[in-house]
Structures are given as structure tokens and as C-alpha cells.
A.B. asks: 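Sharing a structure, written as C-alpha cells. Questions coming.
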Amino acid sequence: MKEAFPGVGKIAYEGPKAKNPLSFKHYQASEVVGGKTMAEHLRFSVAYWHSFRNMNADPFGVGTRQMPWDDGSNSIENAQSRARAAFEFMEKLGVPFYCFHDRDVAPEGNTLAETNRNLDAVVKVLKEEQQRTGIRPLWGTANLFSHPRFLHGAATSCNTDVFAYAAAQVAKAMEVTLELGGAGYVFWGGREGYKTLLNTDMRREMDHLGRFLQMAVEYKKEIGFAGPFYIEPKPKEPTKHQYDSDAAACYAFLQRYGLTGDFRLNIEANHATLAGHTFQHEMEYATAVGLFGSIDANRGDMLLGWDTDQFPTDLYDTVLVMLTVLRADGFTTGGLNFDAKVSRESFEPIDLFHAHIGGMDAFARGLKTALAIREDGVLGGFLKQRYASWDTDMGREIESGTLSFTRLKQYMIEKGEPAANASGRVEMLENLLNEYL
Ligand code: XLS
Ligand code: NI
Ligand code: NI
């Protein structure tokens with residue numbers, strides 16, 4: 001097959017002073033930092049849909065991407081050569097993982113049976129390419145939102161047949177993810193929400209989604225898929241309100257339906273900001289409740305109110321997020337998936353390299369900076385000091401649940417006023433962070 005990216009070789013680490021834009025300045029896969037290689041820490045993944053299916057149309061204009069390896073048809077052969085182009089790209093970039101939806105990799109047929117056959121024909125090529133390169137899925141997922149049959153949602157559709165179709169589709173997508181050795185499986189509730197409550201029975205829809213996910217867990221055990229399930233919170237878009245709106249809503253949902261043992265969260269930066277949170281907030285919350293799993297790395301735009309899925313280049317963000325990842329003891333089955341697209345203005349194949357190299361370097365710097373901050377211990381020391389009163393006898397007794405209101409009442413009546421508060425040193429800490437950047 002003709003090369004998809006002729007003239008581009010394996011992207012190498014050339015160090016911070018290098019002038020070559022097609023080189024890593026900070027990411028060196030084999031470099032050991034904080035006890036692990038950078039590749040092990042960061043577990044980078046390419047998103048098949050954005051990088052190989054998205055032509056970058058926007059609400060005001062058609063797609064602009066040049067993809068010379070793609071003949072634009074819906075044929076199996078085209079899907080297979082696209083898969084080969086994707087692996088050439090990932091191999092040259094040097095990432096260990098990719099993520100995919102069932103419908104990204106293979107075309108939809110006239111019936112579900114035909115669609116499944118199409119998928120199998122492309123999975124065969126994905127498998128060959130995986131064997132050749134060692135690259136494998138970080139996670140697989142099912143697209144339950146693009147086709148018009150899902151216009152009322154999938155697991156939350158008012159139409160039982162659509163629910164059944166979604167179940168059949170997810171079952172197949174899980175089988176394929178298993179066959180490809182995927183490390184995990186993602187549920188993102190694309191249209192699991194509503195446009196108006198005037199036509200929506202929220203209670204029923206949530207119960208249906210809960211049952212759908214319980215059945216998915218049963219099926220996972222049946223087929224022997226060992227990897228974790230992830231829910232990917234997002235507050236809106238395409239629906240006005242989605243049930244999995246943020247990490248906290250997902251936690252409540254998972255608890256209500258008895259699913260916390262089988263799910264973790266896949267936190268996406270741009271979804272966090274759409275929910276009115278910071279990326280780090282969502283990460284920290286997921287970690288606090290023991291649900292942190294994986295990351296969809298991207299960023300939004302302060303001035304645009306939708307999921308712009310830009311490549312992550314903001315060092316402030318990558319440092320803060322890597323601090324949380326390190327606090328959570330790093331990724332296990334998860335990783336950093338670039339759920340991001342090149343800008344509509346950046347339409348040449350080479351732009352795909354620039355975008356990913358930038359994202360990988362930004363996270364490599366985030367990792368190294370976060371490690372340096374932890375090593376210096378100033379932030380950690382401040383935190384310990386700030387909560388020191390909780391390390392006293394009384395703090396420990398409250399935390400362990402042995403102190404009651406009655407005793408606290410007595411204590412405070414005797415004491416009269418609490419001990420004086422210390423400054424939170426917000427600006428000092430913000431200044432400190434800047435010193436590491
Ligand atoms: C959309 C989501 C989607 C998921 C996978 O906003 O980010 O791409 O990651 O279905
Ligand atoms: Ni995503
Ligand atoms: Ni998204």
C-alpha cells in the first residue's frame with residue numbers, strides 16, 4: 001500500500017532546544033521519571049473518530065480535511081485502507097493506544113447483521129495492524145447517537161425497539177473490543193437526556209439507562225471481558241440536558257443502580273468546563289470517590305460554548321491535572337486519549353502530527369512539573385499544615401465517627417471560641433505554581 005504520510009518518519013525526541021517541529025521537545029517515551037517511563041505514566045491514545053473520520057465541517061461550512069488515503073466511499077475496502085493509514089500514523093507518532101467507536105471503523109449496512117459483518121471485516125485488518133505494531137485499544141465504544149434511529153436517545157429512548165437495538169449494538173461492540181484486546185470499554189450517553197421535560201418521563205428514562213448498564217455488566221461477565229467500564233460525563237450537547245452530566249451526577253447514578261463496583265469515570269476536559277467545572281475539579285472529585293479511570297484529553301475555548309475538542313496545549317491545565325493523576329497513583333487501565341480534532345484551518349495530513357506532538361509534549365511537561373512540585377514538597381507540606389488540627393485527638397475522633405454532637409457541644413461551650421484561623425495563602429500558592437512553569 002502507498003504510504004499515507006510520505007516523507008514523515010518516526011517522530012523522535014530531540015530535546016527542548018530542537019527547532020524541528022516534527023520532533024518531541026519534552027516527551028521521551030523511554031525516559032524514566034518518578035519511577036516509571038513517560039510512556040507508562042501517560043499512556044497516550046489517538047481518537048480514531050476525530051483523527052480519521054472527522055472532516056471538520058462546522059455549522060457554517062463544509063469539511064476541509066485532506067485525507068488522500070480515503071476515497072470518500074462507504075466501502076469496506078476504503079474502511080480497511082483507512083485503518084492501515086491510521087496505524088501508519090500511530091506508529092510514526094509512537095503512541096501505544098487508540099480509541100474507537102464501532103461505526104468509526106466500519107460502515108453501517110442495511111441490517112444489523114450486515115453491519116456486524118462489515119465490522120468483522122475491518123476488525124480483521126485492525127487485528128493484523130495491531131499484531132504488526134503492538135498498538136491496541138485503550139477502549140472501545142458504540143456510537144449510539146449518529147443514526148436517526150437514536151433521535152430520542154438509545155437506552156433512554158421512548159421506543160423499546162431502539163433500546164433493544166442499542167443493547168445488540170453494545171453487545172457486539174464489547175465483543176469486538178474484547179477480541180482486539182482493549183483495556184476498557186466506554187459509555188458516553190450521546191443522546192441519553194432530553195430536549196424538553198414536556199415530553200419526558202425522567203424517572204423512567206433513568207431506570208431504563210440503569211437497567212441497560214446492569215445488563216452490560218452481566219454481558220461483560222458472560223463473555224469474559226475483564227477490563228473496566230467507564231462512564232464519560234458530559235452535561236449537554238447534543239441534548240439540552242444529559243443524565244450523566246458531571247462526575248457527581250454519575251456517582252449518584254451509579255450508586256442508585258448498584259454499579260459503582262463495575263464502573264469508573266472517563267473525565268474529558270472540555271466536558272468538565274461545559275458542566276461549569278474545571279478539568280481538575282472533575283478529576284479530583286472522581287479520585288475522591290474512588291472512580292477515577294481515564295482521561296479524554298482536550299480543551300474548550302473560553303469564548304465558545306460548545307465541545308470544541310481542541311488539542312490540549314495549556315500547561316497550567318496539564319500540570320494541575322497531572323498532580324491529581326499522581327495523587328491517584330497514576331493510571332492503571334486508563335490513559336490519556338486525545339479526544340481532539342485539528343482546527344478547520346489546519347487541513348493537511350501533517351497537521352495531525354503537529355497537533356498530537358503538541359498535546360504529548362504539553363502532558364510530558366505537565367508530568368515533569370507535577371513530579372518536581374511533589375518532590376519539593378512545598379504544596380504537600382502546606383496542605384498537611386492546613387489540616388493539622390484534624391491530626392489531633394479530636395480531629396481523629398470526629399473522622400473515625402466516635403464523637404457526637406453532645407460532646408462537641410460540651411467542648412465548645414467550655415472553650416468559648418474556636419482557635420484562630422490561619423491564612424489560606426491563595427496568592428502565595430498561585431505564585432509558587434508559576435515558579436515551576
Ligand atoms: C463526545 C464524546 C465522545 C466520547 C466517545 O463529546 O467526547 O467522543 O468520548 O463516545
Ligand atoms: Ni470523549
Ligand atoms: Ni467530547
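Just so we're clear, the structure is a prediction, and the values are computed from it rather than from any experiment.
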A.B. asks: Strictly distance-based, threshold 3.5 Å: is any side-chain N or O of Asp71 a donor or acceptor partner for the main-chain N or O of Ser73?
C.D. replies: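 Such a contact is found between Asp71 side chain and Ser73 backbone.
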A.B. asks: Do Glu268 and Leu274 have side chains that get closer than 4.5 Å, going by heavy atoms?
C.D. replies: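 Not in contact.
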A.B. asks: Is the Phe24 ring parallel, tilted or perpendicular to the Tyr27 ring (thresholds 30°, 60°)?
C.D. replies: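 The rings of Phe24 and Tyr27 stand perpendicular, inter-plane angle above 60°.
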A.B. asks: Do Asn298 and Asn270 pair up side chain to side chain, a donor and an acceptor below 3.5 Å, judged on atom types alone?
C.D. replies: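 No - no donor-acceptor pair under 3.5 Å links their side chains.
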A.B. asks: Could you tell me how the ring of Tyr48 sits relative to the ring of Phe52: parallel (under 30°), tilted (30 to 60°) or perpendicular (over 60°)?
C.D. replies: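 Aromatic pair Tyr48/Phe52 classed tilted.
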A.B. asks: Just wondering, do Arg82 and Arg53 contact through their side chains at under 4.5 Å, heavy atoms?
C.D. replies: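 Contact flag for Arg53/Arg82 side chains = yes.
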A.B. asks: Answer with yes or no whether the side chains of Glu192 and Thr156 bring together a donor and an acceptor at under 3.5 Å.
C.D. replies: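 Checked: Thr156/Glu192 side chains pair up, N/O donor to acceptor below 3.5 Å.
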A.B. asks: Would you say the rings of Phe97 and Trp139 are close, in the sense that their centroids are separated by under 6.0 Å?
C.D. replies: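 Ring-ring flag for Trp139/Phe97: false, centres at least 6.0 Å apart.
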A.B. asks: Below 4.0 angstrom, N of the basic side chain to O of the carboxylate: do Arg84 and Glu91 qualify?
C.D. replies: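 No, no charged N to carboxylate O under 4.0 Å.
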A.B. asks: Centroid separation under 6.0 Å, is that true for the rings of His356 and Phe89?
C.D. replies: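 For Phe89 and His356, the ring centres are under 6.0 Å apart.
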A.B. asks: Does Asp207 come within less than 4.0 Å of Arg203, counting only side-chain N to carboxylate O?
C.D. replies: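 Here Asp207 pairs with Arg203 in a salt bridge, since their nearest N and O are under 4.0 Å apart.
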A.B. asks: Testing Lys172, Lys127, Arg136 one by one against Glu179 for a salt bridge (charged side-chain N to carboxylate O under 4.0 Å, His left out), which residue passes?
C.D. replies: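 Only one of Lys172, Lys127, Arg136 forms a salt bridge (charged side-chain N to carboxylate O under 4.0 Å, His left out) with Glu179, namely Lys127.
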A.B. asks: With rounding to the nearest 0.5 angstrom, report the CG to CG distance, Leu304 to Asp58.
C.D. replies: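 Reported to 0.5 Å precision, the distance equals 10.0 Å.
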A.B. asks: State plainly whether the residues Glu88 and Lys92 are in salt-bridge range, i.e. N to O under 4.0 Å.
C.D. replies: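 Salt bridge flag = yes for Lys92 with Glu88.
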A.B. asks: Using a 3.5 Å distance criterion without hydrogens, assess whether the side chain of Asn74 forms a donor-acceptor pair with backbone atoms of Pro107.
C.D. replies: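 No: the side chain of Asn74 does not pair with the backbone of Pro107.
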A.B. asks: Please determine if Glu114 and Arg117 form a salt bridge, counting it only when a charged side-chain N lies under 4.0 Å from a carboxylate O.
C.D. replies: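 Looking at Glu114 and Arg117, the cut-off is not met.
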A.B. asks: How are the rings of Tyr243 and Tyr194 set relative to one another: parallel (under 30°), tilted (30 to 60°) or perpendicular (over 60°)?
C.D. replies: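 Judged by the thresholds at 30° and 60°, the geometry between Tyr243 and Tyr194 is tilted.
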A.B. asks: Does NZ or CZ of Arg149 lie under 6.0 Å from the centre of the six-membered ring of Tyr165, at an angle within 45° of the ring axis?
C.D. replies: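 Yes.
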